[in-house]
Number of protein chains: 2
Amino acid sequence: MSVNVKRGRPPGMMDVARLAGVSHQTVSRVLNEHKNVSEQTRLKVRAAIAELGYRPDRAARALVTGTSKVIGVVAQNSSLYGPASMLTAFEEAAQATGFAVNVGSVRSLDERSITEAVERHLDQRVAGLVVIAPVASAGPALEHLPADVPLVTIDGDPERSSTLVTVDQVAGARAATQRLLDAGHRTVWHISGPSDWFDAAGRVRGWEDTLTEAGVEIPPLLTGDWSAASGYRNGQLLARLPDVTAVFTANDHIALGLLRALNEHGRRVPGDVSIIGFDDVPEAAYFTPPLTTVRPDFAAVAMATLDLLMAQVESGPAGVGARRTIAPELIERDSVAGPA
Amino acid sequence: MSVNVKRGRPPGMMDVARLAGVSHQTVSRVLNEHKNVSEQTRLKVRAAIAELGYRPDRAARALVTGTSKVIGVVAQNSSLYGPASMLTAFEEAAQATGFAVNVGSVRSLDERSITEAVERHLDQRVAGLVVIAPVASAGPALEHLPADVPLVTIDGDPERSSTLVTVDQVAGARAATQRLLDAGHRTVWHISGPSDWFDAAGRVRGWEDTLTEAGVEIPPLLTGDWSAASGYRNGQLLARLPDVTAVFTANDHIALGLLRALNEHGRRVPGDVSIIGFDDVPEAAYFTPPLTTVRPDFAAVAMATLDLLMAQVESGPAGVGARRTIAPELIERDSVAGPA
DNA sequence: GCCGAAATTGTGAACGCAAACATGCGTGCG
DNA sequence: CGCACGCATGTTTGCGTTCACAATTTCGGC
């Protein structure tokens with residue numbers, strides 16, 4: 001397996017063919033695992049490939065086939081734990097199947113930005129597209145793209161997207177809310193994510209539904225923006241209301257901010273107030289106290305996405321949109337107790 | 001700006017040329033901003049491009065030029081805040097200059113994994129390579145790659161990498177340690193990152209140097225792995241030593257774990273123990289208490305990287321390795337006070 | 001031992017673009 | 001007035017691969 005040391009362009013199929021004493025087409029066949037190639041020539045070609053250190057040129061292949069082994073991902077350029085986790089999980093999964101991942105981050109998820117990012121990917125002749133589009137405004141951008149490009153949306157609009165993978169936000173929120181109710185709390189407050197996020201909306205719904213079914217009073221909804229800062233701001237308010245004994249926050253970072261606000265006001269967790277978060281960020285176990293939270297399985301989301309995408313890549317964009325929902329899991333730690 | 005609704009392949013340069021009444025080469029010249037094109041035909045061509053919704057095929061261009069407008073990034077597939085932040089910051093910067101970013105995540109930063117990732121990128125004919133290689137074992141993988149591919153290493157080995165961008169770990173660690181000393185503490189303990197990380201090593205050195213210069217006793221070094229869990233483990237130990245009054249942790253997550261351990265043992269921060277972290281994760285301001293920490297400017301790292309890379313892309317791999325060091329900034333919050 | 005089908009290999013084209021080379025035209029200068 | 005040079009544009013070639021089709025060989029059955 002000697003390295004090619006010649007100058008100039010790297011070796012091409014022709015060079016391999018010459019060395020192996022066959023035609024370039026035969027080399028192509030070996031490369032693409034065609035059936036009708038004799039074992040003998042296959043070996044000769046393989047040997048020549050190894051000797052020259054030949055590597056097929058992806059660009060040339062993309063040119064003629066009209067598609068590449070690259071998947072374009074459109075994601076928001078943020079350090080939000082959820083989206084970021086999905087992204088890296090997806091990358092890893094895609095690489096395992098021989099696909100490269102092209103990330104087109106986008107500053108905000110408005111229609112224009114997404115459209116641009118999608119078009120950049122289309123220029124690269126990506127084999128498929130994954131859009132992490134958790135907000136409503138992302139919807140329209142995906143309506144008008146070529147129908148023949150495989151597309152899977154993560155956390156997109158359940159009403160529009162044809163092929164969708166989502167975490168079951170409602171179920172997660174229900175589990176959290178119910179857990180708090182079961183602990184004996186009269187009701188449960190909620191600090192939500194931004195209202196235009198589907199994730200946030202789903203968590204709100206799960207929370208409301210559970211409360212309604214329990215026949216319990218529904219406290220006013222507080223709105224955050226996923227940040228610890230917003231949890232802190234809302235916490236300043238909550239800390240002053242003595243009858244607040246249980247809070248479900250839309251994510252762990254909000255919970256962290258809330259924790260600090262509560263702490264500053266001398267309210268103990270879980271002694272005075274119980275809290276459940278969402279996401280299970282790696283640090284959640286080391287909050288003070290360790291946070292009970294809902295863990296979405298991002299790896300599973302990534303798998304499902306890849307799965308759905310590959311199905312389309314292989315057989316043309318699937319007809320009716322396939323859906324895949326990943327059920328999250330409640331992780332019990334120390335931030336929940338009964339009311340005083 | 002009507003959308004192309006024709007069947008079959010998207011329009012090519014020929015289609016544009018025909019519509020504009022020129023040759024395809026003229027279209028090419030307009031696209032590449034060649035000088036010798038009259039304003040008049042330039043306009044005609046532009047109009048034709050817009051009317052057809054023509055978009056150049058990157059694959060074809062890559063084939064003929066031998067290079068693409070894609071930058072390959074090799075990074076570890078982890079949710080560590082630092083590397084992840086650099087990655088997204090870099091993506092954004094690259095896109096602004098018209099380059100797409102291909103991420104080749106890698107599960108671990110050993111030589112084999114990195115070599116593979118690099119070769120995948122080379123197959124795609126990337127215009128340049130960025131490797132986020134914070135550990136020693138990543139070095140060898142970069143020795144044997146074609147000399148003509150532009151390469152910038154982030155947080156790589158100062159001894160080997162020719163073109164390198166790093167955060168000035170030593171300076172950051174010095175600032176933190178000095179701040180603690182200035183507050184009146186007799187000495188400063190340190191929980192470091194994994195010893196094979198350059199970042200960790202630099203922080204240890206800055207800490208040691210400062211202590212040495214101050215003529216102060218150097219406590220035994222405690223080692224973590226960047227995780228809150230490791231901060232907690234080491235914290236269990238530290239919390240039992242009454243003479244520990246100041247700790248500099250290698251990152252904010254370790255600080256969080258330490259915070260919890262201290263809290264469990266009834267040691268108040270900053271009353272009994274002062275702490276300074278590193279990274280300034282968005283949540284650091286909402287720890288209890290808000291964490292004083294060192295903030296590396298990841299955006300600046302990304303800019304510098306892109307800068308260095310572009311210089312190489314334009315003029316061939318630069319001769320002697322250019323270096324760029326980004327100075328971090330101490331962010332003062334509430335986790336530091338004088339000794340009791 | 002001959003025919004046809006299947007298996008194996010080869011030939012030519014095409015993919016969409018940029019580079020090299022070629023052309024035609026005008027303009028300045030001697 | 002003619003020549004050379006610069007500008008604007010056109011023509012040709014080839015990048016490395018796959019595809020459609022052709023050519024050759026192999027093999028079984030009768």
Side-chain angles (χ1 to χ4, degrees), chain A residues 4 6-46 48-49 52-70 122-127 148, chain B residues 4 6-46 48-49 52-70 98 122-127:
Chain A
N4 169 46
K6 283 197 310 192
R7 60 179 59 267
R9 295 253 174 178
M13 257 181 27
M14 288 301 226
D15 302 304
V16 175
R18 205 172 306 125
L19 181 60
V22 298
S23 78
H24 64 116
Q25 175 61 331
T26 300
V27 177
S28 172
R29 288 192 179 102
V30 172
L31 254 44
N32 297 310
E33 323 241 88
H34 251 265
K35 39 202 158 202
N36 291 342
V37 180
S38 75
E39 194 58 29
Q40 190 181 345
T41 56
R42 188 192 311 278
L43 257 37
K44 272 194 308 190
V45 171
R46 285 254 157 76
I49 288 177
L52 290 174
Y54 164 80
R55 326 207 87 215
D57 185 324
R58 309 274 198 153
R61 183 178 308 201
L63 177 59
V64 59
T65 61
T67 183
S68 63
K69 281 269 197 179
V70 175
L122 258 24
D123 287 352
Q124 308 273 359
R125 290 190 174 284
V126 293
D148 62 340
Chain B
N4 170 45
K6 283 197 310 192
R7 62 176 65 266
R9 296 248 173 183
M13 258 181 28
M14 289 301 229
D15 302 302
V16 175
R18 205 172 307 122
L19 181 59
V22 299
S23 78
H24 65 114
Q25 175 62 318
T26 300
V27 176
S28 171
R29 283 196 264 257
V30 171
L31 254 46
N32 297 309
E33 324 241 88
H34 252 264
K35 39 201 156 203
N36 291 342
V37 180
S38 75
E39 194 58 26
Q40 190 182 345
T41 57
R42 188 190 311 279
L43 256 38
K44 270 194 309 189
V45 171
R46 286 254 156 77
I49 289 177
L52 290 176
Y54 164 79
R55 326 207 87 220
D57 184 323
R58 307 275 200 154
R61 183 179 303 195
L63 178 59
V64 63
T65 61
T67 182
S68 64
K69 281 267 197 180
V70 175
L122 259 24
D123 286 352
Q124 306 274 0
R125 291 191 174 284
V126 294

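Lettering follows sequence order; numbering is per chain, from 1.
- A distance of 12.5 Å separates CG of Asp15(A) from NE2 of His24(A), quoted to the nearest 0.5 Å.
- Rounded to an integer number of Å, the gap from CG of Asp15(A) to P of dC15(D) is 10 Å.
- Residue Met13(A) is in base contact, counting any heavy-atom pair closer than 4.0 Å across all strands shown.
- The two residues Leu63(A) and Ala60(B) make their nearest non-hydrogen contact at CD1-CB, 3.5 Å.
- Listed in residue order, the members of residues 19-40 of chain A having a heavy atom less than 4.0 Å from DNA chain C are Val22(A), Ser23(A), His24(A), Gln25(A), Thr26(A), Arg29(A), Asn36(A), Val37(A), Ser38(A).
- Distance check, rounded to the nearest 0.5 Å: CZ of Arg29(A) to CG of Asn36(A) gives 8.0 Å.
- Note that the CG atom of Asp57(A) and the CD atom of Gln124(B) stand 9.5 Å from one another [nearest 0.5 Å].
- Between Leu31(A) atom CG and Tyr54(A) atom OH the span is 5.0 Å, to the nearest 0.5 Å.
- If you take CZ of Arg61(A) and C1' of dA14(C), they are 17 Å apart, rounded to a whole angstrom.
- Leu19(A) contributes atom CG, which lies 10.5 Å from atom NZ of Lys44(A) (distance to the nearest 0.5 angstrom).
- Separating the CG atom of Leu63(A) from the P atom of dC15(C) is a distance of 9 Å, rounded to the nearest angstrom.
- Checking the phosphate oxygens (OP1, OP2) of dT8(C), no side-chain nitrogen or oxygen of Thr41(A) falls inside 4.0 Å.
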Worked check of side chain to side chain contact (heavy atoms under 4.5 Å, CB included) between Met13(A) and Ser28(A): CA-CA 7 Å; Met13(A) 257 181 27; Ser28(A) 172; 3.9 Å; yes

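- With rounding to whole Å, Asp123(A) atom CG is found 14 Å from dC17(C) atom C1'.
- Regarding Lys44(A), its NZ atom lies at a distance of 11 Å from the C1' atom of dT9(C), rounded to whole Å.
- Rounded to an integer number of Å, the gap from CZ of Arg125(B) to P of dA18(C) is 15 Å.
- When the side chain to side chain contact (heavy atoms under 4.5 Å, CB included) test is applied to Asp123(B), the partners found at least two apart in sequence or on another chain are Arg55(A), Arg58(A).
- In this structure, CZ of Arg58(A) is placed 18 Å from C1' of dC15(C), rounded to the nearest angstrom.
- In this structure, the separation between CZ on Arg125(B) and CZ on Arg61(B) is 15.0 Å, given to the nearest 0.5 Å.
- In the helix from dG1(C)-dC30(D) to dG30(C)-dC1(D), the rotation axis of the first five pairs and that of the last five pairs differ in direction by 40°, rounded to 10 degrees.
- In this structure, Arg42(B) atom CZ and dC7(D) atom C1' are separated by 13 Å, rounded to whole Å.
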